[in-house]
Amino acid sequence: MPSPVTITLQPTSPPATRSPGAPAPDHPSSTALVGVLVLALIALFVAWRASLGTHPWTRCPKCKGDPRSYHPVFGRHFALCPHCNGSGRVLRKGAPPQ
């Protein structure tokens, strides 16, 4: 005849309680928030580079788009802006050379 089988029951531990400062389990972790922030920065960088390809030129900061500077006494005489070579436009920072 087989020997009798005994079953012993272990007491279960009570459910774990959160400490008062711990985040609730349904909130995203800080690692997930950092990941979202990194993805947003990458998206902004890609959008900026795309805008450089579409609009590489900007107004000249020295002459403010008006490349001629007129002489104060002799009104018909003018000089071209040396910064933009008289075009009134300069390449934006980061734009590929044209």
Trainee: For the side chain of R49 and the backbone of G94, is there at least one donor-acceptor N/O pair under 3.5 Å apart?
Mentor: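 Indeed, once roles are kept as given, a pair shorter than 3.5 Å links the two residues.
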Trainee: Residues in side-chain hydrogen bond (donor to acceptor under 3.5 Å, both in side chains) with R92, at least two apart?
Mentor: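 With sequence neighbours excluded, R92 shows a side-chain hydrogen bond (donor to acceptor under 3.5 Å, both in side chains) to S51, given in chain and number order.
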Trainee: Determine, stepwise, if the pair H83 / V90 fulfils side-chain contact (heavy atoms from CB on, under 4.5 Å).
Mentor: CA-CA 8 Å; H83 187 69; V90 293; 3.9 Å; yes
Trainee: Measuring from K64:NZ to C81:SG, what's the distance to the nearest 0.5 Å?
Mentor: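 With rounding to 0.5 Å, NZ (K64) is 10.0 Å from SG (C81).
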Trainee: Can you list the other members of the hydrophobic cluster that holds W48, where links are side-chain heavy atoms under 4.5 angstrom apart?
Mentor: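 Hydrophobic cluster check, W48: joined to F45, L52.
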Trainee: Looking only at heavy atoms, what is the nearest atom pair of A95 and L91, with distance?
Mentor: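 Smallest interatomic distance, heavy atoms only, reads CB-CD2, 4.2 Å.
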Trainee: List the steps, then state whether side-chain contact (heavy atoms from CB on, under 4.5 Å) holds for N85 with L80.
Mentor: CA-CA 6 Å; N85 294 326; L80 295 177; over 6 Å; no
Trainee: Give the cluster check for I42 versus V34: same hydrophobic cluster or not, with ILVMFWY residues linked at side-chain heavy-atom distances below 4.5 Å.
Mentor: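 Yes.
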